[in-house]
*Asks:* 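So that we are looking at the same thing, I have put the structure below in C-alpha cells.
Counting convention: from 1, in listed order, for ligands and their atoms alike.
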Amino acid sequence: MQDQDYSAYKGVWVLGEVRDGEIHPVSYELLAWGRGLADKLSVDLSIVIIGTDIKDKLGELIARGADKVYVIDHPVLEYFQVDPYAAILTALIQEYKPEILIASATTMGRTIMPIMAVKIGAGLTADCTGLDIDPDERLLIQTRPAVGGNIMATIKTPVLRPQMSTVRPRSKRPLPIDSSRKGEIINKEFRPELLSSRVKRLSFIKEEMGGAPLQDAEYIVAFGKGLKDAKQVELVKELAEIFEGSLGASRSATDLGWISYSHQVGLSGKTVSPRLYIAIGISGAVQHLAGMSSAETIVAINSDPEADIFGVADYGIVGDLFEVVPLIIKKLKERAKDIK
Ligand SMILES: Cc1cc2nc3c(=O)[nH]c(=O)nc-3n(C[C@H](O)[C@H](O)[C@H](O)COP(=O)(O)OP(=O)(O)OC[C@H]3O[C@@H](n4cnc5c(N)ncnc54)[C@H](O)[C@@H]3O)c2cc1C
C-alpha cells in the first residue's frame, strides 16, 4: 500500500454548501482554507456546488479563490440528501481524482464525508481546526483536538486518496472578494437515476434560536452550571436581549437540559468568534475554551477567582452572578434611557 503511485491524483477540492437556494458562507471559508493549500502545492483549487437554480450565484466563488467551479444544478437537488450527493461525489472523484477533498464540519459535511470515506475507501480526519501542507512530502497536515481537547493531534494520510477532512466552520475567515480573478465554471450533468434518493424530505422545522445562529452572532451571552437552575436562564436572556445577542451555554448547562444542544459552545458544540462573549458561571474547561477563545472580547463573571475562564478573559468580574448580572442589566438599561 505504501508504494502505491498516487501521481494521478491532483488538485485541492472543497465541497461547497447551498442552503435555502443561496451559497452558504462556509463555502467561502472552505475556499480560504483550500486556496492556501493549493498555492503551497501549486495546483488548482476546485469547488463542488450542488443545488437547484444556483447557476447565477456562482461569481463570488471565483472572486474568493476558486479556479474551477463544478456545478450540479437540478430540480431534485434543492436540499441536501445523502444518496444523490454520495453518487455525484463518487463519480466526480473517480473522474477527476483530487488529491485533497475538504468539507465543512457542518451537519452536511459531518454526514456525507464519512459515507464518502467508506464508499471510495479513503481516510477521513473529522472536525479539524487547522490544515497545512507538509513541504517535503506534499501531504495534508490535519490538526484537530484529541483526548477530550487536552492535546492537538496532527494527522497525515500517506496512503489512500483523496486525503479527506472536515474543518470546523468559522475556523478561517473568507478571502476578500477579488473581482479580477479568473476561473472556470463547469456544468456537470448526471443521469436522473443517479440523483434518486431513498429518503424523502416531508418538511423542515427550523429551531427557534432567539437571536442569530450562534456561529453568526456578534454578541453572545453564555452561561454555565453556575446558573444553578433552569429558571435563571431568563436572567441571562434579559442580558442577551439588551445586546440583541444570542444565547450560548456550556455542555454542563445543555446536559442539564436548561437549553437545547444547539446553543452549546465548545469542542463538542459550536465554534464561535463573536465581537463580544460574556461567560457567566462558566469555569472555562479546555473543551469550552476550544469553541470561544477566538472571540474578539471576552468578559467572564465567576465567583471563583481561580476559575480558568479568567485565563482567556479580557475583562474578569469576580463575584456572585446573581448580584453582578442584575447590576449590569440595570446599568445598561439606565444608559439606554439616557441615550434616548
Ligand atoms: C470529550 C469532551 C467534550 C466536551 N465538550 C464540551 C463542549 O463542547 N462545551 C463545554 O462547555 N464543555 C464540554 N465538555 C465538558 C467540560 O469538560 C466541562 O465539564 C464543562 O465545560 C463545565 O461546564 P461549566 O463551566 O458550566 O460547569 P462547571 O465546571 O461546574 O463550572 C461552573 C462555574 O460556575 C461558577 N459559579 C458557581 N456559582 C456561581 C455564582 N453564583 N456566580 C458566579 N459564578 C458561579 C463556579 O465557580 C464554576 O467556575 C466536554 C468534555 C469532554 C470530556
Side-chain angles (χ1 to χ4, degrees), residues 104-107 109-110 125-130 143-153 155 166-171 207 209 213-215 217 220-240 245-274 277-295 298-331:
S104 189
T106 53
T107 305
R110 285 173 196 242
T125 306
D127 222 10
C128 295
T129 51
T143 306
R144 56 151 298 155
V147 197
N150 290 304
I151 60 161
M152 297 302 276
I155 298 164
T166 58
V167 67
R168 283 207 149 199
R170 290 258 163 185
S171 54
E207 188 182 13
M209 289 282 291
L214 267 193
Q215 302 96 310
I220 295 177
V221 180
F223 60 91
K225 208 172 166 186
L227 209 61
K228 304 221 166 40
D229 192 325
K231 288 189 201 115
Q232 304 296 345
V233 176
E234 285 308 312
L235 177 67
V236 184
K237 213 171 172 182
E238 195 179 346
L239 184 58
S246 302
L247 279 180
S250 71
R251 176 152 145 187
S252 297
T254 56
D255 281 353
L256 285 162
W258 295 350
I259 194 162
S260 68
Y261 167 70
S262 58
H263 293 263
Q264 185 181 311
V265 173
L267 185 67
S268 49
K270 304 248 163 68
T271 305
V272 297
S273 56
Y277 190 90
I278 305 181
I280 301 173
I282 293 176
S283 59
V286 66
Q287 296 89 356
H288 188 81
L289 303 186
M292 46 64 79
S293 48
S294 67
I298 298 170
V299 177
I301 303 167
N302 199 304
S303 52
D304 174 6
E306 302 295 321
D308 289 330
I309 193 74
F310 290 127
V312 295
D314 300 283
Y315 302 95
I317 302 172
V318 179
D320 183 344
L321 73 91
F322 300 106
E323 290 170 18
V324 175
V325 176
L327 257 178
I328 295 176
I329 292 172
K330 186 168 167 265
K331 285 279 170 203

*Asks:* Between Arg168 and Ala105, is there a donor-acceptor pair closer than 3.5 Å when you use the side chain of the first and the backbone of the second?
*Replies:* no
*Asks:* Indicate yes or no for a side-chain donor-acceptor contact from Asp308 to the backbone of Ser283 under 3.5 Å, with no hydrogens or angles considered.
*Replies:* no
*Asks:* Between Lys237 and Leu247, is there a donor-acceptor pair closer than 3.5 Å when you use the side chain of the first and the backbone of the second?
*Replies:* no
*Asks:* As an exercise, identify every atom of ligand 1 less than 4.0 angstrom from a heavy atom of Ser250.
*Replies:* 11 (O), 23 (O), 24 (P), 26 (O)
*Asks:* Quick test of your reading of the structure: of Met292, His288, Gln287, whose heavy atom lies closest to atom 53 (C) of ligand 1?
*Replies:* Gln287
*Asks:* Tell me which one of Ala222, Ser268, Gly284 gets a heavy atom nearest to atom 6 (C) of ligand 1.
*Replies:* Ser268
*Asks:* Is Val265 close to ligand 1, meaning an N/O of one under 3.5 Å from an N/O of the other?
*Replies:* yes
*Asks:* Has Thr166 got a side-chain atom pairing as donor or acceptor with Asp127's backbone, closer than 3.5 angstrom?
*Replies:* yes
*Asks:* Under 4.0 Å from a heavy atom of Gln264: which atoms of ligand 1 are those, numbered in the order shown and with their elements?
*Replies:* 6 (C), 7 (C), 8 (O), 9 (N)
*Asks:* Measure across Gly226 and Leu321 and return the closest heavy-atom pair with its distance rounded to 0.1 Å.
*Replies:* O-CD2, 3.4 Å
*Asks:* Pick whichever of Gly248, Ser303, Ala279, Pro305 has a heavy atom sitting closest to atom 43 (C) of ligand 1.
*Replies:* Ser303
*Asks:* So which atom in Thr271 and which in Pro169 form the shortest heavy-atom distance, rounded to 0.1 Å?
*Replies:* CB-O, 3.9 Å
*Asks:* Looking at every non-hydrogen atom in both residues, tell me the closest pair between Ile155 and Arg144 and how far apart they are.
*Replies:* CD1-CG, 4.0 Å
*Asks:* Below 4.0 angstrom from a heavy atom of Asp320, which ligand 1 atoms are there? Numbered from 1 as shown, please.
*Replies:* 40 (C), 41 (N), 42 (N)
*Asks:* For ligand 1, find out whether one of its N or O atoms is nearer than 3.5 Å to an N or O atom of Leu267.
*Replies:* yes
*Asks:* Out of Gln232, Arg251, Glu306, who is nearest to atom 11 (O) of ligand 1 when you count heavy atoms only?
*Replies:* Arg251
*Asks:* I'd like to check which ligand 1 atoms, numbered from 1 as shown, lie under 4.0 Å from a non-hydrogen atom of Gly319.
*Replies:* 42 (N), 43 (C)
*Asks:* Where does Val286 meet ligand 1, judged by heavy-atom distances below 4.0 Å: at the side chain, the backbone, both, or neither?
*Replies:* neither
*Asks:* What are the atoms of ligand 1, with element, lying closer than 4.0 Å to any heavy atom of Gly266?
*Replies:* 7 (C), 8 (O), 9 (N)
*Asks:* Of the backbone atoms (N, CA, C, O) and the side-chain heavy atoms from C-beta on, which set of Ala285 has a member under 4.0 Å from an atom of ligand 1: side chain, backbone, both, or neither?
*Replies:* side chain
*Asks:* Locate the shortest heavy-atom distance separating Ala295 from Ile298; write the atom from each residue and the value.
*Replies:* CB-CG1, 3.9 Å
*Asks:* What is the ring orientation for Phe223 with Trp258, classed by angle as parallel under 30°, tilted 30 to 60°, or perpendicular over 60°?
*Replies:* parallel
*Asks:* Relative to the heavy atoms of Gly224, which atoms of ligand 1 are at a distance of less than 4.0 Å?
*Replies:* 26 (O)
*Asks:* Go through the steps to decide whether Val325 and Val236 satisfy the test side-chain contact (heavy atoms from CB on, under 4.5 Å), and finish with yes or no.
*Replies:* CA-CA 8 Å; Val325 176; Val236 184; 5.7 Å; no
*Asks:* Do we see a donor-acceptor contact under 3.5 Å between the side chains of Ser268 and Arg251?
*Replies:* yes
*Asks:* Only heavy atoms of Phe322, strictly under 4.0 Å: list the atoms of ligand 1 that pass.
*Replies:* 41 (N)
*Asks:* Less than 3.5 Å between some nitrogen or oxygen of Leu321 and one of ligand 1, yes or no?
*Replies:* yes
*Asks:* Quick check on contacts: which atoms of ligand 1 are under 4.0 angstrom from a heavy atom of Gly269?
*Replies:* 8 (O)
